[in-house]
A.B. asks: 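Sending over a structure as structure tokens; questions will come in a sec.
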There are 2 protein chains.
Amino acid sequence: MNQVEVFKALGNKNRLQILNWLKSPEEHFVDYVPACGDVDVGVCVGYIQKKSGLTQSTISEYLAVLNRVGLVSATRIGQWTYYKRNEETIAALSNLMDTL
Amino acid sequence: MNQVEVFKALGNKNRLQILNWLKSPEEHFVDYVPACGDVDVGVCVGYIQKKSGLTQSTISEYLAVLNRVGLVSATRIGQWTYYKRNEETIAALSNLMDTL
DNA sequence: AATATATATCGGTATTTCCCGATATTCCAA
DNA sequence: TTGGAATATCGGGAAATACCGATATATATT
């Protein structure tokens with residue numbers, strides 16, 4: 001995990017917001033239904049885009065940033081890409097903060 | 001504490017480095033001596049500047065940034081300004097990470 | 001094959017950040 | 001009170017980031 005890059009990714013209110021929304025999709029996304037039955041793959045780009053009010057390209061870019069630094073993971077299913085939090089990285093970062 | 005601003009402050013390898021050096025000044029700064037007897041006021045700008053290799057103005061600016069977001073605190077004594085980690089903010093951030 | 005939908009990528013402008021040199025300010029010492 | 005030392009602030013060029021619209025790509029439907 002690249003600390004500096006992770007912090008940069010977190011240094012933006014919209015990305016921070018997205019990360020927060022993804023904590024409880026059912027609460028934040030009206031139309032949300034767990035995508036693959038029992039396997040939770042997260043939330044598709046379109047939902048996040050609508051809720052954010054930013055453009056599709058911007059959100060796609062932001063999700064790519066979060067994905068690149070490992071804060072979320074992506075799953076492509078058909079024409080949708082689902083993003084969900086990568087709790088491992090987030091936990092690792094949390095631990096790292098204790099030794100910052 | 002402004003999360004976004006704190007993360008921005010942390011999203012720079014030099015500032016992250018400084019914060020790390022300040023964890024154990026006696027270990028990182030050759031000439032370091034606790035400035036005010038038993039009261040630890042931290043490390044003066046000059047020491048940090050020399051170790052970093054960056055210019056005086058840049059370091060002064062970086063320390064101001066860290067100070068503004070509450071990651072360090074400053075104490076002016078005579079012609080020196082001493083900076084030390086603000087463990088309260090750092091701990092608060094660490095806790096906040098758990099609920100990120 | 002043609003079309004529609006979801007997402008990614010590209011190109012661009014405005015803003016911010018990085019880091020510098022020069023200058024100002026503050027305090028101390030002679 | 002003049003000079004020197006430590007730090008802060010100012011002005012700026014280069015690079016990165018924020019966010020957009022337009023276009024490309026991939027998949028699904030007909």
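None of these values were measured; they are calculated from a predicted model. Naming: A, B, ... by sequence-line order, numbering from 1 per chain.
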A.B. asks: Can you name the closest pair of heavy atoms from T89(A) and G70(A) and give their distance?
C.D. replies: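 In terms of heavy atoms, the two residues are closest at OG1-O, 2.8 Å.
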
A.B. asks: Atom CZ of F7(A) to atom P of dC18(C): distance rounded to whole Å?
C.D. replies: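 The distance from CZ of F7(A) to P of dC18(C) comes to 14 Å, rounded to the nearest Å.
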
A.B. asks: So which protein N/O to nucleotides 24-30 of chain D N/O distances come out below 3.5 Å?
C.D. replies:
none

A.B. asks: Does R76(B) reach the main-chain N or O of G78(B) with its side chain, forming a donor-acceptor pair under 3.5 Å?
C.D. replies: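 Yes.
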
A.B. asks: Looking at dT17(D), I'd like to know if its phosphate oxygens (OP1 or OP2) sit under 4.0 Å from a side-chain N or O belonging to K8(A).
C.D. replies: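 True: K8(A) side-chain N/O within range (under 4.0 Å) of dT17(D) OP1/OP2.
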
A.B. asks: To the nearest 0.5 Å, what is the distance between OH (Y83(A)) and OG (S60(A))?
C.D. replies: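 Atom-to-atom, Y83(A):OH and S60(A):OG are 5.5 Å apart.
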
A.B. asks: Calculate, to the nearest 0.5 Å, the distance between atoms CG and CG belonging to L93(B) and D98(A) respectively.
C.D. replies: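 Answer for the CG-CG pair, L93(B) versus D98(A), is 10.0 Å.
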
A.B. asks: Please work out which residues in residues 9-16 of chain B have a non-hydrogen atom less than 4.0 Å from an atom of DNA chain C and list them by number.
C.D. replies: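 Nucleic-acid contacts, sorted: N12(B), N14(B), R15(B).
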
A.B. asks: Show me the side-chain donor-acceptor pairs of residues 5-14 of chain A shorter than 3.5 Å, one per line, residues at least two apart or across chains.
C.D. replies:
residue: N12(A); atom: OD1; partner: N14(A); partner atom: N; Å: 2.9
residue: N12(A); atom: OD1; partner: R15(A); partner atom: N; Å: 3.0

A.B. asks: Base, sugar-phosphate alone, or nothing: which one does Y47(A) contact when heavy atoms must sit under 4.0 Å apart?
C.D. replies: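 Nothing, no nucleic acid heavy atom in range.
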
A.B. asks: Would V65(B) end up clustered with Y82(B) when hydrophobic side chains under 4.5 Å apart are linked, directly or stepwise?
C.D. replies: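 Different hydrophobic clusters.
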
A.B. asks: Using a 4.5 Å cut-off on heavy atoms from C-beta on, say whether the side chain of M1(A) contacts that of L96(A).
C.D. replies: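 Yes, at least one pair of side-chain atoms sits under 4.5 Å.
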
A.B. asks: Whole-Å distance between dC20(C) C1' and E61(B) CD?
C.D. replies: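 In whole Å, dC20(C) C1' lies 12 Å from E61(B) CD.
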
A.B. asks: Spell out, yes or no, whether F29(A) and L19(A) are grouped together once hydrophobic residues are joined by side-chain heavy atoms under 4.5 Å, including indirect joins.
C.D. replies: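 Result: yes, single cluster for both.
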
A.B. asks: Stepwise, does the side-chain contact (heavy atoms from CB on, under 4.5 Å) test hold for K51(B) with I48(B)?
C.D. replies: CA-CA 5 Å; K51(B) 191 171 175 68; I48(B) 301 172; over 6 Å; no

A.B. asks: Let me check the geometry of the helix from dA1(C)-dT30(D) to dA30(C)-dT1(D). What is the bend angle between the axes at its two ends, five pairs each, to 10°?
C.D. replies: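 Roughly 10° between the end axes, to the nearest 10°.
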
A.B. asks: Which pair of non-hydrogen atoms, one from H28(A) and one from W21(A), has the smallest distance, and what is that distance?
C.D. replies: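 That closest heavy-atom pairing would be CD2-O, 3.4 Å.
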
A.B. asks: So, S73(A) versus N86(A): side-chain donor-acceptor pair below 3.5 Å or not?
C.D. replies: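 No donor-acceptor contact under 3.5 Å links the two side chains.
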
A.B. asks: Nearest heavy-atom pair of K84(A) and G42(A): which atoms, and what distance?
C.D. replies: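 Heavy-atom minimum between the residues: CB-CA, 3.7 Å.
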
A.B. asks: Is it the case that the side chain of Y32(A) and the backbone of V43(A) share a donor-acceptor pair, with hydrogens and angles ignored and the cut-off at 3.5 Å?
C.D. replies: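 No: the side chain of Y32(A) does not pair with the backbone of V43(A).
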
A.B. asks: So, do L100(B) and Q3(B) sit near enough that their side-chain heavy atoms are less than 4.5 Å apart?
C.D. replies: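 With C-beta onward as the side chain, the pair touches.
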
A.B. asks: Which ones in residues 62-75 of chain B lie close to DNA chain C, meaning a heavy atom under 4.0 Å from one of its atoms?
C.D. replies: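 By residue number: Y62(B).
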
A.B. asks: Over all heavy atoms of both residues, which pair between Y62(B) and L54(B) is shortest? Give the atoms and the distance, please.
C.D. replies: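 The answer is CE2-CD1, 4.2 Å.
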
A.B. asks: Distances under 3.5 Å only, N/O to N/O: pair up the protein atoms with those of nucleotides 20-22 of chain D.
C.D. replies:
residue: dC20(D); atom: OP2; partner: T55(A); partner atom: N; Å: 3.0
residue: dC20(D); atom: OP2; partner: T55(A); partner atom: OG1; Å: 3.1
residue: dC20(D); atom: OP2; partner: T58(A); partner atom: OG1; Å: 3.0
residue: dG21(D); atom: N7; partner: S57(A); partner atom: OG; Å: 3.4
residue: dG21(D); atom: O6; partner: S57(A); partner atom: OG; Å: 3.0

